[in-house]
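Take a look at the structure set out below.
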Amino acid sequence: MLLPDVEGAIERGDPFDGWSLDDRDPQAIAQLMPIWEWFYRYYFRVTSDGWQHVPPTGQFLIVGSHNGGLAAPDMFMGMYDWFRRFGTDRAIYGLMHPMVWKVFPEMARQATICGAVQAHPRMAIAAFRRGASVLVFPGGAQDVFRPHALRDRIYFHDRKGFIKLALREGVPILPFVSHGAHDTLFVLGDLYDGMRQLHEKFGMPWLFDLDPEVFPVYVGLPWLLAIGPLPNFPLPAQIHTRFCEPIAFDRSGPGAAHDRDYVDKCYDRVVTAMQRSLDDLIVKVEGRS
């Protein structure tokens, strides 16, 4: 069910808490561009294609596959590419996990200035109603910390809320894939199931009293070997990004969003298209067949 007072709801938040669209600052983004440019050109040596698929006007939901731990370098390089091509005034808002505001408040504040908002449907709806587009990485922590052996997989952890959002608002999905960012750290495995049992059976407390959803073991900077979803500094792996052809659905509106079979069908269509595009990108970059 849609909130009747979306705009009113988002105006009652505190500054930089992710509940307002007004904290996004195009001038502050412009000041970050030279830093991002250095990483784009010299550290990650980014290549990018598919920009002809980005609609010049209108709203759409960008759906991406996350890579590279909390540093998420493919996301930031994609943001840099977006702003250098379209300017910092073309509004786009990214849905970010509420945990970031609780655990890393200063990081969250900087992300909010760049357009991050709470990962809640009402924030996405409010952005669409202002004429902006929205960016979401449905796989969340499970995707960004998926084991290195799954680095070439689109892995959304069966989360379909983004499909319901696109159907309800009648916006197309613009898929975004990348290759290489998962080599900026090497995730060996996930200990979450075992850690959750320790928490539930023996009362082991979660750090910050928050369920982390993942508990990866990874090799990377600055820890060399890290256990848990700790922040990381990415290794200088080359990153390749691609925007795929937009996906529009035959049906839209609340009825389509509440049709479970139709949502499943749309979800499979998006994941299949993104996996096919990622496979093609890998062949292009590495010459694999």
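Here the structure is a predicted model, which is why all the values come from computation and not from measurement.
In the hydrophobic clustering of this structure, L281 groups with I247; members are Ile, Leu, Val, Met, Phe, Trp, Tyr whose side-chain heavy atoms approach within less than 4.5 Å, directly or through other members. Tracing side-chain contacts under 4.5 Å through hydrophobic residues (I, L, V, M, F, W, Y), one reaches L135 starting from W51; they form part of the same cluster. Follow the hydrophobic side-chain contacts under 4.5 Å out from I163 and you reach M123 in the same cluster. Taking hydrophobic clusters as Ile, Leu, Val, Met, Phe, Trp and Tyr residues chained together by side-chain heavy-atom distances below 4.5 Å, I239 does not share a cluster with V285. When hydrophobic clusters are built by joining Ile, Leu, Val, Met, Phe, Trp and Tyr residues whose side-chain heavy atoms come closer than 4.5 Å, directly or via intermediates, Y262 is grouped together with V270.
The ring pair (Phe, Tyr, Trp, His ring centres under 6.0 Å) analysis of residues 140-161, with sequence neighbours excluded, yields the pairs H148-F186, Y155-H157, F156-F162. Within the structure, the side chain to side chain donor-acceptor pair (under 3.5 Å) test picks out the following pairs touching residues 83-94 (sequence neighbours left out): Y40-R84, D81-R84, D81-R85. Counting only residues at least two apart or on different chains, the salt bridge (charged side-chain N to carboxylate O under 4.0 Å, His left out) pairs with a member in residues 195-205 are D193-R196. The list of ring pair (Phe, Tyr, Trp, His ring centres under 6.0 Å) pairs with a residue in residues 207-231, not counting sequence neighbours, is empty.
Considering only heavy atoms from C-beta on, R109 stays 4.5 Å or farther from D23 through its side chain. For the pair R122 and W19, the minimum side-chain heavy-atom distance is below 4.5 Å. At a threshold of 4.5 Å between non-hydrogen side-chain atoms, the residues Q238 and T47 count as touching. Using a 4.5 Å heavy-atom threshold, the side chains of W38 and P34 count as separate. Within the 4.5 Å cutoff, side-chain heavy atoms of L174 are placed close to those of P55. Side-chain atoms of L95 and V117, non-hydrogen and from C-beta on, do get closer than 4.5 Å to each other. Residues F39 and V46 have side chains not in contact (no heavy-atom distance under 4.5 Å, counting atoms from C-beta outward). Using a 4.5 Å cut-off on side-chain heavy atoms (C-beta onward), L235 and D183 make no contact.
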Donor-acceptor contacts under 3.5 Å from residues 60-72 side chains, at least two apart:
{"from": "N67", "atom 1": "OD1", "to": "R146", "atom 2": "NH1", "distance (Å)": "3.3"}
{"from": "N67", "atom 1": "OD1", "to": "R146", "atom 2": "NH2", "distance (Å)": "2.8"}
{"from": "N67", "atom 1": "OD1", "to": "H182", "atom 2": "ND1", "distance (Å)": "3.4"}
{"from": "N67", "atom 1": "ND2", "to": "S65", "atom 2": "O", "distance (Å)": "3.2"}
{"from": "N67", "atom 1": "ND2", "to": "D74", "atom 2": "OD2", "distance (Å)": "2.8"}
{"from": "N67", "atom 1": "ND2", "to": "S178", "atom 2": "OG", "distance (Å)": "3.2"}

message: Show, in sequence, the C-alpha distance, side-chain angles and deciding distance for R130 and D22, and conclude whether the side chain to side chain contact (heavy atoms under 4.5 Å, CB included) test is met.
response: CA-CA 11 Å; R130 284 200 182 183; D22 297 327; 2.7 Å; yes
field: Intermediate values then yes/no, side chain to side chain contact (heavy atoms under 4.5 Å, CB included), R251 and L167
entry: CA-CA 7 Å; R251 297 168 53 195; L167 292 175; 5.6 Å; no
query: Between Q31 and Q27, does a side-chain hydrogen bond (donor to acceptor under 3.5 Å, both in side chains) hold up when you go through it step by step?
result: CA-CA 6 Å; Q31 293 175 357; Q27 293 183 344; over 6 Å; no
message: For V171 and F128: C-alpha separation, side-chain torsions, deciding distance, then whether side chain to side chain contact (heavy atoms under 4.5 Å, CB included) applies.
response: CA-CA 9 Å; V171 296; F128 286 136; 3.8 Å; yes
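D49 meets the side chain to side chain donor-acceptor pair (under 3.5 Å) test with R242, K284; sequence neighbours excluded. Considering only residues two or more places apart in sequence or on other chains, H53 meets the ring-ring contact (aromatic ring centres under 6.0 Å, His included) condition with none of them. Qualifying side-chain contact (heavy atoms from CB on, under 4.5 Å) partners for T272, counting only residues two or more places apart in sequence or in other chains: R276. Applying the side chain to side chain donor-acceptor pair (under 3.5 Å) test to R159 and every residue at least two apart in sequence or in another chain returns Q142. Partners of W82 by ring-ring contact (aromatic ring centres under 6.0 Å, His included), not counting sequence neighbours, listed by chain and number: F86. For E37, the side-chain contact (heavy atoms from CB on, under 4.5 Å) partners are R41, Y80, not counting sequence neighbours. Applying the side-chain contact (heavy atoms from CB on, under 4.5 Å) test to T184 and every residue at least two apart in sequence or in another chain returns F44, P73, P234, A237.
Here K265 does not pair with D259 in a salt bridge; the nearest charged N to carboxylate O distance is not below 4.0 Å.
Nearest heavy atom pair, residue A116 against residue W101, reads O-CZ2, 4.2 Å. Considering all non-hydrogen atoms of both residues, V263 and A257 come closest at CG2-O, 3.5 Å. The minimum heavy-atom distance between P121 and R168, with the atom names listed, is CB-NH2, 3.7 Å. Taking every heavy atom of both residues into account, D152 and D279 meet most closely at O-OD1, 4.3 Å. When all heavy atoms of A132 and A91 are compared, the pair lying nearest together is CB-O, 3.7 Å. Across G170 and S252, no two heavy atoms sit closer than the pair CA-CB, 3.8 Å.
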